[in-house]
Amino acid sequence: MFFFRRIAMDDLIRERIRKLDRLRELGVDPYGQRVQGIQSSAAVHQQVARLGIGPGDRLESEIAMVAGRVVLLRDMGKLAFVTLRDRRGDIQIGLAKNVLQTTWDVVKCLDMGDVVCAKGSLGRTKTGEDTVWTTELTFLAKSLQPPPEKWHGLQDVDLRYRRRHVDLYVNPDVRQVFELRSRIIQAIRGCLIERDYLEVETPVLQPLYGGAAARPFTTHHNTLDMDLYLRISPELYLKRLLVGGLERVFEFAKNFRNEGISTKHNPEFTMLELYQAYGDYHDMMEITEAMIVAAIEATGGGYERPFGEETIHFRPPFARRKYADLLNEYAGVDMTDVPALRRKAGPMGIDQTKMDDAVVINAVFEKAVEPNLVQPTFVLDYPAPICPLTKRDPHDPLTALRFELFAARMELGNAYSELNDPQIQRENFSKQLRGEGDETMAVMDEDFVMALEYGMPPAGGLGLGIDRLVMLLTNQTSIRDVILFPLQRPVGK
RNA sequence: GGGGAUGUAGCUCAGUCCGGUAGAGCAGCGGCCUUUUAAGCCGUUGGUCCUGGGUUCGAAUCCCAGCAUCCUCACCA
């Protein structure tokens, strides 16, 4: 029954265990059972206001029950004020020795961080603080770990991520971000359901990876004795569903890319992908704006959002700019003038000698244009060779019917008029562009091409980076602050 | 992978430039306290100064290497 994980147990923990033992001596279960009839802190505040309870008043007839974590504790010997935190906010409970009598010994076992339930009459103190004057105190969970400093909270970024469970209850702003994240996702889902889209799930474990240019994670299935990849994109499976006639599908897809980590990149991230049969990338622009409007409305605060040093204006329609025009504007080069582009590339630190033309063009674009795209902008019509999954412009085979959405210098979304010609698709898969890194090459997926051979309707398809959208709408400049548990190295011994 | 910054008590941080007994606040413990708001007052416990080497009579402090985190660049259609 007793086992000690720590040889040298911390004094603070030992003290808490002493109180835990004391509670048991007093016949109190430190880890209580289900409780019914709990009111939220916010509901109690509303009730006090509605009843017009004034400073110094107490209504014995109004019984309230609240539960939460002890985040502040002010003990004055025979009277104590304790601040409980629940998911709606904070509420103060008052504990008086002459009321609780023998239970007072239990109060003396209270520590910061404990989870308790308090039942009692509603009141407001002289200083105007809404208070539950407690007649019954129930322990729900004794906290054995000492909480962070009560005023500064948990600041150490590393510790915040490693102990997100602590971060969340100590720093209310953090919880707020993740509540907003949930609302954003719900709003987008609602927007798509309303448009008769079907939410689906496709494999994370894939025998071949595709749908993006990225290095995959590899894994292995024992029983089948086969190597598998964690998906870098759900694209090729969602398109199979278009072949199958589902016509409008979407997936909030966790993708995995075995690449660099930065404030804008986490190895696993969430991307919304959606496909609409009989549509094209113009439909995707319209639906992108609609989803972002829904997300804006769901989070409140209007169309102008602070983000770091910038203010982003999200009122649609967003700017629509041709890729070639932007390249001309910011790099001063015509997209068709490859020698000029190559001359530009060198001074920009791009090693263009090993790159195919289209790769050079895009490298220059990324370097010269993207840092200027602060306000939401659809960049239209990409060089065809870097778009193996995109339909070509029927009037200009060098142009792909694709847009990327940028905001705050980040790529937020990516959409195509989807390529549905299996012969062109097979050809694109077999083209090896130089300069893109061997492991990120599009991999020939015969099974997918064969699916196209059954006939896929023309369609618009869109990928929208959910983490980055949440960053923009919650003013978090690091992706780790919108992902509950960002990947970190384990702490070394 | 390159560059910069940070790492000291459970937490938030001083101390490092200029080497000489390890500091504060909060938390904890003991005492006083029935209307507090980061409660207050008195007393007090608590340290692998990230790790390992080196220089030195002496290193949290200087040097070297490593580890972790953050920022930035590169990479990432």
Side-chain angles (χ1 to χ4, degrees), chain A residues 8 10-16 18-19 55-56 58 71-83 90 92-99 104 111-113 123-131 133 144-163 166 170 211-215 232-233 257-267 269 323 349-351 355-356 358-359 361-363 365-367 370 379 382-390 400 402 404 411 414 416 433 435-437 439-442 463 477-478 480 486 488-493:
Chain A
D10 191 85
D11 285 347
L12 297 172
I13 294 174
R14 185 180 288 117
E15 185 58 36
R16 282 162 180 262
R18 190 183 66 76
K19 289 177 181 169
R58 191 187 306 191
V71 290
L72 288 173
L73 198 151
R74 298 176 287 280
D75 180 4
M76 276 157 287
K78 298 192 181 70
L79 178 72
F81 290 102
V82 174
T83 304
D90 293 350
Q92 175 171 277
I93 64 172
L95 303 157
K97 186 177 183 181
N98 64 358
V99 173
W104 194 245
D111 279 312
M112 299 264 282
R124 181 172 268 184
T125 61
K126 281 183 200 168
T127 49
E129 186 74 26
D130 298 348
T131 301
W133 288 101
L144 300 182
Q145 291 286 345
E149 214 255 2
K150 64 184 177 186
W151 184 243
H152 299 95
L154 193 61
Q155 300 289 329
D156 184 280
V157 178
D158 182 30
L159 269 186
R160 281 186 45 229
Y161 299 147
R162 289 184 196 282
R163 302 193 190 156
V166 179
V170 168
R215 286 167 62 193
I232 58 174
S233 154
R257 297 186 182 175
N258 204 342
E259 288 169 352
I261 297 177
S262 78
T263 46
K264 297 177 181 64
H265 302 261
N266 195 58
F269 64 100
Y323 185 99
I350 299 164
D351 183 10
M355 292 177 176
D356 281 331
V359 181
I361 294 172
N362 205 45
F365 184 91
E366 287 177 2
K367 207 89 175 178
E370 290 186 8
V379 177
Y382 274 65
I386 61 168
C387 310
L389 299 163
T390 313
R402 166 185 183 178
E404 287 197 7
E411 181 191 337
N414 184 15
Y416 313 144
L433 278 186
E436 294 226 53
E439 291 167 288
T440 63
M441 299 306 310
T477 51
S478 171
R480 295 179 204 98
Q488 294 198 280
R489 280 199 171 88
V491 275
K493 168 62 194 82

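Keep in mind it's a predicted model, so treat the numbers as computed, not measured. All values below were derived from every heavy atom in this structure, side-chain atoms included, with hydrogens, water molecules and symmetry-related copies excluded. Every chain is numbered from 1 and lettered A, B, ... according to where its sequence line falls, protein lines coming before strand lines.
- A side-chain N or O of A:Q92 and one of A:T131 form a donor-acceptor pair less than 3.5 Å apart.
- The partner of B:U69 is B:A5, by the rule that a Watson-Crick or G-U pair needs both atom distances under 3.5 Å.
- Within the structure, every side-chain polar atom (N or O) of A:R74 is placed at least 4.0 Å from both OP1 and OP2 of B:U36.
- Donor-acceptor pairing under 3.5 Å is lacking for the side chains of A:N266 and A:R480.
- For the 3.5 Å distance criterion, the side chains of A:Q155 and A:H152 fail to qualify, holding no donor opposite an acceptor.
- For the pair A:R18 CZ and B:G30 C1', the computed distance is 11 Å after rounding to whole Å.
- Under 3.5 Å, the side chains of A:Y161 and A:D156 contain no donor-acceptor pair of N or O atoms.
- Contact annotation: A:K264 side-chain N/O to B:U72 OP1/OP2 distance is not under 4.0 Å.
- Closest to the side chain of A:K19, from the set B:G28, B:G10, B:U69, is B:G28.
- Out of B:C70, B:G28, B:U35, the shortest distance to the side chain of A:R480 is found at B:C70.
- Contact annotation: A:K97 side-chain N/O to B:C33 OP1/OP2 distance is not under 4.0 Å.
- In this structure, of B:U35, B:C70, B:U34, it is B:U34 that holds the atom nearest to the side chain of A:N98.
- As rounded to the nearest Å, B:G10 and B:G20 have C1' atoms that lie 30 Å from one another.
- Where A:A96 and A:N362 meet RNA chain B, the nucleotide closest to each residue was compared, and A:A96 sits on the side nearer the 5' end.
- Of the candidate nucleotides B:U34, B:A38, B:U72, B:A38 has the atom lying nearest to any side-chain atom of A:L72.
- Between A:W133 atom CH2 and B:U35 atom P there is a gap of 9 Å when expressed in whole angstrom units.
- Here B:U48 sits opposite no nucleotide as a Watson-Crick or G-U wobble pair (both hydrogen-bonding atom distances under 3.5 Å).
- Taking only side-chain atoms of A:T125, from C-beta outward, the nucleotide of B:U34, B:U36, B:U69 with the closest atom is B:U36.
- Within a 6.0 Å sphere centred on CZ of A:R74, heavy atoms belonging to other residues, nucleotides or ligands number more than 12.
- In this entry the distance linking CH2 of A:W151 with P of B:A38 reads 6 Å, nearest Å.
- The shortest distance between the side-chain N/O atoms of A:R257 and the OP1/OP2 oxygens of B:C76 is not below 4.0 Å.
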Under 3.5 Å, N/O pairs linking protein and nucleotides 11-14 of chain B:
from	atom 1	to	atom 2	distance (Å)
B:C11	O2'	A:E149	N	2.9
B:C11	O2'	A:G153	O	3.1
B:U12	OP1	A:Q155	N	2.9
B:U12	OP1	A:D156	N	2.8

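- In this structure, B:G25 and B:C11 make a Watson-Crick or G-U wobble pair, each of the two defining distances being under 3.5 angstrom.
- Put simply, A:S262 has no side-chain N or O that comes within less than 4.0 Å of OP1 or OP2 on B:C76.
- When Watson-Crick and G-U wobble pairs are counted only if both distances are under 3.5 Å, B:U61 pairs with no nucleotide at all.
- Set against B:C71, B:G28, B:A68, the side chain of A:R489 has B:A68 as its closest nucleotide.
- In this structure, the nucleotide among B:A39, B:C70, B:G46 sitting nearest to the side chain of A:D11 is B:G46.
- Figure legend: A:R402 and A:Y416 shown without cation-pi pairing, the cationic atom not lying both under 6.0 angstrom from the six-membered ring centre and within 45 degrees of its axis.
- Between the base of B:U36 and the side chain of A:Q92 there is a donor-acceptor pair shorter than 3.5 Å.
- B:C32: Watson-Crick or G-U partner is B:G40, with both key distances under 3.5 Å.
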